[in-house]
Amino acid sequence: MDSTKDIAKKGITNLLSPKTPSIVDMLLGRGTEKVVDSETLVEEIKDRVHKSLNHEFMYSAVTEESETFLRGRVLQSMNMAVLFVDLVGSTSMILNLPKEKLATIFTTFAQEMAYVIKRHDGFVLKFVGDAVIGYFVAEELSTSVANRAVSCAESMLKIIKVGINPILKSNSLPELKIKIGIDYGENTIVRYGDDLQEAHVDILGPSVSMAAKIQNLAQPDQIMVGGDVYTKLHGSVQEYFVHLDLDKSDWSYKSAKTKKVYPVYAYVGK
């Protein structure tokens, strides 16, 4: 029998099988909430990536909407799902690729992941090295924000594999792999400085740091979510995830609510 980690490693295979329904397909079939068709996203992204590699397209900044949203809510606390998507193997690329190619790959990755977040009604908080941080605000304690976050993550994996990587490969550039971590909770909006328009704004809360830690656990091309995300997913979406029985040496972080080790779930398909 496969171990829990072996099962988690196999998750991406299920995700990308054309015979296996995805979370996006399932939510589209339910028709109960807004869902972005990943096939449409793939075609849009292919066109931009082709043009970007041929220097026919320049990406624009994508964090302004987040800054405007946060700047008007400084010191407020809000429930949100936070998503970290990290590029795997970036150190090797930095050491081995010419600067121009490296810049093209990093820009393409960051901007396209940001685009997917925005298309799923999320906000792009910032770029941190080779990671992109997004968040999805929950007006009410409902399943919708969690469903949107995981369907966004699933779309990211598909877009990397069938939208971006074939184009990179055809241009003799290395293919990309990513790791995604998502958590849910209350975060406080802070401003660093007195300038109402220019001072840096950010979000602080346990779900931000937890999402980063969960992402570090993931295998390449894998989604992992915290227990507070999992419990807010629709039951039919929960079936795509398996609870990980992690060794305490790998994971010992405790839930602020239960004081027990915080549960983590990995995407494994259906």
Side-chain angles (χ1 to χ4, degrees), residues 4-5 7-12 14-15 23 66 79-91 109-110 112-114 116-117 120 122-138 145-161 176-187 202-233 237-238 240-257 261-269:
T4 303
K5 288 186 178 180
I7 292 172
K9 289 178 182 179
K10 292 178 180 178
I12 189 64
N14 288 337
L15 169 64
I23 293 172
S66 172
N79 289 302
M80 57 182 71
V82 180
L83 181 152
F84 269 68
V85 54
D86 186 62
L87 185 61
V88 177
S90 58
T91 300
F109 156 73
E112 293 301 346
M113 295 301 97
V116 178
I117 291 170
H120 285 80
F123 291 98
V124 181
L125 180 65
K126 54 188 170 182
F127 305 116
V128 183
D130 55 2
V132 181
I133 307 173
Y135 61 97
F136 303 80
V137 177
V145 68
N147 289 341
R148 273 192 288 128
V150 297
S151 63
C152 173
E154 189 187 64
S155 293
M156 286 175 167
L157 290 176
K158 183 172 184 178
I159 284 159
I160 289 288
K161 184 171 180 66
L176 308 182
K177 291 182 180 294
I178 58 175
K179 301 192 297 183
I180 303 173
I182 309 172
D183 199 37
Y184 179 94
E186 185 178 82
N187 295 294
D202 208 342
I203 58 176
L204 294 178
S207 61
V208 178
S209 58
M210 195 64 76
K213 292 178 173 67
I214 291 169
Q215 175 268 130
N216 284 331
L217 280 177
Q219 298 292 326
D221 286 345
Q222 187 177 59
I223 304 164
M224 285 194 175
V225 305
D228 289 340
V229 172
Y230 179 82
T231 57
K232 288 177 173 58
L233 293 173
V237 179
Q238 288 180 341
Y240 287 78
F241 291 85
V242 64
H243 176 254
L244 294 184
D245 185 14
L246 297 168
D247 189 277
K248 289 184 178 180
S249 62
D250 295 324
W251 186 260
S252 59
Y253 299 102
K254 293 185 178 180
S255 166
K257 298 176 184 176
V261 174
Y262 189 56
V264 177
Y265 297 79
Y267 181 98
V268 292

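Between Y230 and Y265, the angle of the ring planes stays under 30°, which puts this pair in the parallel group of the 30/60° scheme.
Nearest heavy-atom pair across A81 and I182 is CB-CG2, 4.4 Å. Closest approach of M80 and I203 over heavy atoms only: SD-CD1, 3.6 Å. The shortest heavy-atom contact between D130 and F109 is O-CE2, 3.3 Å. Looking at every heavy atom in both residues, I117 comes nearest to C152 through CA-SG, 3.8 Å. For the residue pair V116 and S155, the shortest heavy atom distance occurs at CG1-CB, 4.0 Å. The heavy-atom pair separating Q222 from Y267 by the smallest distance is NE2-O, 4.4 Å.
No side-chain heavy atom of V225 sits under 4.5 Å from any side-chain heavy atom of I214. The closest side-chain heavy-atom distance from V137 to V145 is not below 4.5 Å. Under the 4.5 Å side-chain criterion, counting only non-hydrogen atoms from C-beta, F84 is not in contact with V128. Here the side chains of D228 and M210 are not in contact, with every heavy-atom distance at 4.5 Å or above. Annotation: side chain of K161 is not in contact with side chain of D221 (no heavy-atom distance under 4.5 Å).
Side-chain contact check for S66 and Y135: at least one donor-acceptor pair (N or O, by modelled atom type) lies under 3.5 Å.
When the salt bridge (Lys or Arg N to Asp or Glu O under 4.0 Å) test is applied to K179, no partner is found at least two apart in sequence or on another chain. For S255, the side chain to side chain contact (heavy atoms under 4.5 Å, CB included) partners are K257, T258, Y262, not counting sequence neighbours. Applying the side-chain hydrogen bond (donor to acceptor under 3.5 Å, both in side chains) rule to T91 yields no partners; only residues at least two apart in sequence or on another chain are considered.
Going from atom CZ of F136 over to atom CG of N147 covers 11.5 Å, rounded to the nearest 0.5 Å. Rounding to the nearest 0.5 Å places CE of M224 at 11.5 Å from CD1 of I180. Here CG of D86 is found 14.0 Å from NZ of K177. Values are rounded to the nearest 0.5 Å. Atom-to-atom distance recorded for Y240:OH and E154:CD is 7.0 Å, nearest 0.5 angstrom. For the atom pair CG (L83) and CZ (R148), the distance works out to 12.0 Å, reported to the nearest 0.5 Å. Rounding to the nearest 0.5 angstrom, the gap separating the CD1 atom in I178 from the OG atom in S90 is 13.0 Å.
Within 6.0 Å of atom OH in Y253, 12 or fewer heavy atoms from other residues, nucleotides or ligands are found, so the atom counts as exposed in its surroundings.
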Between L233 and F241, is a side chain to side chain contact (heavy atoms under 4.5 Å, CB included) present by the stated rule, with each step listed? CA-CA 10 Å; L233 293 173; F241 291 85; 3.9 Å; yes
* Asked: Run the side chain to side chain contact (heavy atoms under 4.5 Å, CB included) check on I160 and M113 step by step: do they pass?
  -> CA-CA 9 Å; I160 289 288; M113 295 301 97; 3.8 Å; yes
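Under a 4.0 Å N-O distance rule, the pair D202/K126 qualifies as a salt bridge.
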